[in-house]
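No hydrogens, no waters, no symmetry mates; every other heavy atom, side chains included, goes into these values. Proteins get letters first, then strands, A, B, ... in listed order; numbering begins at 1 in each. Since the structure is predicted, the reported quantities are computational estimates derived from the model, not experimental observations.
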Number of protein chains: 2
Amino acid sequence: MAVTIKDIAVEMGITPSSVSKALNEKSDVSTDLKRKVRQVAQEMGYKKNMLAVRLVTMKSNTLGVFIFSRTKIRNSESTAYKYLNIMLNEAKKYGYDIVLFSIESSLSENKSYIDLCRERQVEGALFIGFENNDYHLEELVHSGLPVVMIEKNISSENTGCVMVDNAGGISLGMNYLFTLGHEKIAFIKGHFAAELSEIRFSQYRKMMEEKNIYSDRLVFEGDFSLESGYAVGLRISEMPELPDAVFASNDLMAIGVIRAFSEKGIKIPDDISLIGFDNFEIGKYVQPKLTTIAQNFSDIAESAVTMIFNMINSGLHGRSVLLDPELIVRESCAINKKYTD
Amino acid sequence: MAVTIKDIAVEMGITPSSVSKALNEKSDVSTDLKRKVRQVAQEMGYKKNMLAVRLVTMKSNTLGVFIFSRTKIRNSESTAYKYLNIMLNEAKKYGYDIVLFSIESSLSENKSYIDLCRERQVEGALFIGFENNDYHLEELVHSGLPVVMIEKNISSENTGCVMVDNAGGISLGMNYLFTLGHEKIAFIKGHFAAELSEIRFSQYRKMMEEKNIYSDRLVFEGDFSLESGYAVGLRISEMPELPDAVFASNDLMAIGVIRAFSEKGIKIPDDISLIGFDNFEIGKYVQPKLTTIAQNFSDIAESAVTMIFNMINSGLHGRSVLLDPELIVRESCAINKKYTD
DNA sequence: CTGTTAGCGCTTTCAT
DNA sequence: ATGAAAGCGCTAACAG
């Protein structure tokens with residue numbers, strides 16, 4: 001049996017409440033008693049039982065974070081950890097614990113996310129990789145529980161969202177490609193279940209349509225994985241006429257394309273330009289170095305945690321914050337040769 | 001205020017204890033009452049308060065997982081998530097929650113890991129990326145708390161460990177290299193604070209010494225990062241005479257080497273062979289495809305969770321389990337040309 | 001300053 | 001089959 005404040009109270013011949021007060025540095029207890037209690041507690045190996053504390057104070061000091069590990073959305077596997085790590089450190093600053101929930105499939109879950117939160121008394125929930133068409137969304141929005149999502153735009157009274165300005169990121173890349181003289185720009189979509197796939201694609205489509213150069217035959221389905229990028233790269237390499245450039249929805253797929261083109265003897269950026277999205281570190285090590293759109297994962301996670309604590313403490317309603325992306329020019333894009341002719 | 005069993009008891013004109021029993025499907029309560037209670041609970045939006053349950057039952061149903069996010073050990077950032085994800089899903093099968101602790105630096109932490117565990121009443125702790133010289137180790141070993149570590153060989157009454165057979169993995173790679181006729185084999189060490197760095201290096205050294213071909217000038221310091229691999233690659237490229245092969249302690253560093261060699265016009269595997277360790281998916285997409293030693297991250301994490309539940313439930317003492325690595329032959333190694341001459 | 005009392009929400013003997 | 005009572009470990013008024 002673990003030692004309790006009661007144990008140390010009998011040991012010292014005082015009462016549990018005095019021990020509690022002393023240990024909690026309350027002002028209405030003598031410095032001397034505090035010192036003694038601390039010492040005895042130390043000697044007896046006392047450790048506070050947070051379960052009891054949290055029950056009595058009605059405050060769990062806990063955040064729930066949900067990560068969606070469906071293998072389908074491959075990308076999340078790589079990015080979720082970047083977010084998680086920062087969240088953890090931020091939460092620690094506030095003295096909060098993080099309990100992790102992994103969701104394999106929204107359909108197979110009997111427990112709703114809200115139920116999980118309520119049972120654990122979490123004060124707020126962070127979501128990484130929420131899928132389109134997850135029928136639990138409605139429930140979250142009306143739950144009253146502070147919720148902030150990453151990579152899923154949703155704002156209501158109690159829900160907020162933070163992500164990179166995906167449309168802005170695509171604009172950055174597209175304008176750069178246009179400046180280089182590219183017009184036949186292929187696009188590789190991300191996984192259909194991720195909202196940002198649609199956002200990125202829509203912006204691409206809009207910008208192509210504005211120039212009257214949009215064509216369905218330039219868009220390819222991907223799922224954020226290296227493998228899907230590779231598969232698309234192979235298909236592109238077999239097109240009767242190569243596009244001027246390809247915009248991959250993320251770096252991983254772009255790297256798959258590099259592999260495919262390399263096997264087919266297509267030179268990047270001489271024969272075709274390539275741009276990714278995410279700015280994964282690996283992009284600096286592939287050949288050629290990948291030009292990409294950077295999103296700051298740390299900033300996103302940090303903002304998310306800040307937002308949720310604002311909601312918890314100040315009751316602010318959820319907002320939707322978009323962080324600025326940045327164009328990282330490396331070596332995978334070049335001026336369109338047809339243009340210079 | 002959330003609805004409690006007391007609320008539903010008054011609502012139904014029965015007592016809290018009956019509600020509790022009904023909700024918990026105890027045998028000494030009528031099927032009819034169970035049905036009714038369930039329905040009322042449902043209607044009133046009752047959610048069990050796990051804090052209270054856990055306090056009264058003296059069972060937290062919680063596992064703690066510690067991840068060490070010191071930026072120094074870059075590799076852990078990439079591998080930790082692979083482990084974490086599996087742990088999460090495994091723990092869920094047992095009905096356990098996972099609370100996450102991130103450790104930035106063992107020195108700056110005032111709270112010991114054990115204190116964190118005791119306070120949260122966790123039933124067992126999983127460690128990912130434990131560093132050498134972490135002075136909390138001793139305390140863990142004598143804590144009596146079930147602990148299992150990944151990537152850190154430690155076994156005592158209450159501590160266990162699971163990792164890939166790192167020495168065996170190095171043997172696999174070295175023998176392969178020897179078979180190919182390589183003798184001047186350079187080695188890039190991993191981060192010094194990771195135990196497996198030492199294990200991998202020792203085995204390399206041992207095998208080189210057995211052939212009397214060990215030389216300090218063939219070993220380079222790395223830290224598991226792409227960047228450090230790149231830096232070492234550059235240094236190797238400037239050696240008066242190129243080694244026959246280089247064995248990088250992990251894939252990330254190997255990829256850094258590929259980049260460096262590519263810049264210096266050194267052809268892999270024609271001019272020099274290269275082998276990594278980990279079998280990251282990216283290895284299939286770099287040029288040339290990376291030959292490597294595979295470790296199964298899922299199996300490791302799964303074994304770790306299984307082990308900790310065995311310790312929790314059956315009081316088994318900690319064991320040290322080593323999983324088999326596998327040689328994955330791709331394209332980065334070739335027969336030594338000097339050998340064929 | 002220290003002690004007394006009550007109770008957080010739940011489970012669990014033990015009665016009835 | 002249901003109820004009464006006690007208590008998990010702790011904090012928080014309120015007294016003294």
Outermost DNA chain D nucleotides near chain A [under 4.0 Å, heavy atoms]: D:dG9 to D:dA13

Taking NZ from B:K26 and P from C:dC14, how many angstroms apart are they, rounded to a whole number? 15 Å

Indicate whether the side chain of A:Y83 and that of A:E151 have a donor and an acceptor atom separated by less than 3.5 Å. yes

Is A:L145 close to A:I114 at the side-chain level, that is, under 4.5 Å between some pair of heavy atoms? yes

Side chain to side chain donor-acceptor pair (under 3.5 Å) partners for A:Q42, two or more places apart: none

Which residue pairs pass the salt bridge (Lys or Arg N to Asp or Glu O under 4.0 Å) test with at least one member in residues 116-128 of chain B, sequence neighbours excluded? A:D97-B:R120, B:K59-B:E123, B:K111-B:E119

Checking A:N296 now: which residues fulfil side chain to side chain contact (heavy atoms under 4.5 Å, CB included) with it, not counting sequence neighbours? A:S298, A:D299

The salt bridge (Lys or Arg N to Asp or Glu O under 4.0 Å) partners of A:D32 (sequence neighbours excluded) come to A:R35, A:K36

Taking side chain to side chain donor-acceptor pair (under 3.5 Å) as the test, write out the residues that go with A:K34, two or more places apart. none

Cut-off 3.5 Å, side chains only: do A:D134 and A:Y113 have a donor facing an acceptor? yes

Quick check on the helix from C:dC1-D:dG16 to C:dT16-D:dA1: what's the angle between its two end axes, five base pairs per end, to the nearest 10°? 40°

For A:M149, give me all partners under side chain to side chain contact (heavy atoms under 4.5 Å, CB included), at least two apart in sequence or on another chain. A:F127, A:F130, A:L137, A:L140, A:V147, A:K152, A:I154

Could you go through residues 305-316 of chain B and list every donor-acceptor pair under 3.5 Å that involves a side-chain atom there, pairing it with any protein atom two or more places apart or in another chain?
unit_1, atom_1, unit_2, atom_2, d
B:T306, OG1, B:E302, O, 2.9
B:N313, ND2, B:F309, O, 3.1

Expected rows: protein N/O vs nucleotides 5-9 of chain C N/O, under 3.5 Å:
unit_1, atom_1, unit_2, atom_2, d
C:dC8, O2, A:V56, N, 3.4

Between B:E25 and B:R38, is there a side-chain N and carboxylate O pair less than 4.0 Å apart? yes

Salt bridge (Lys or Arg N to Asp or Glu O under 4.0 Å): which pairs involve residues 307-320 of chain B, sequence neighbours left out? none

Where along residues 27-45 of chain A does a heavy atom fall under 4.0 Å from DNA chain D? none

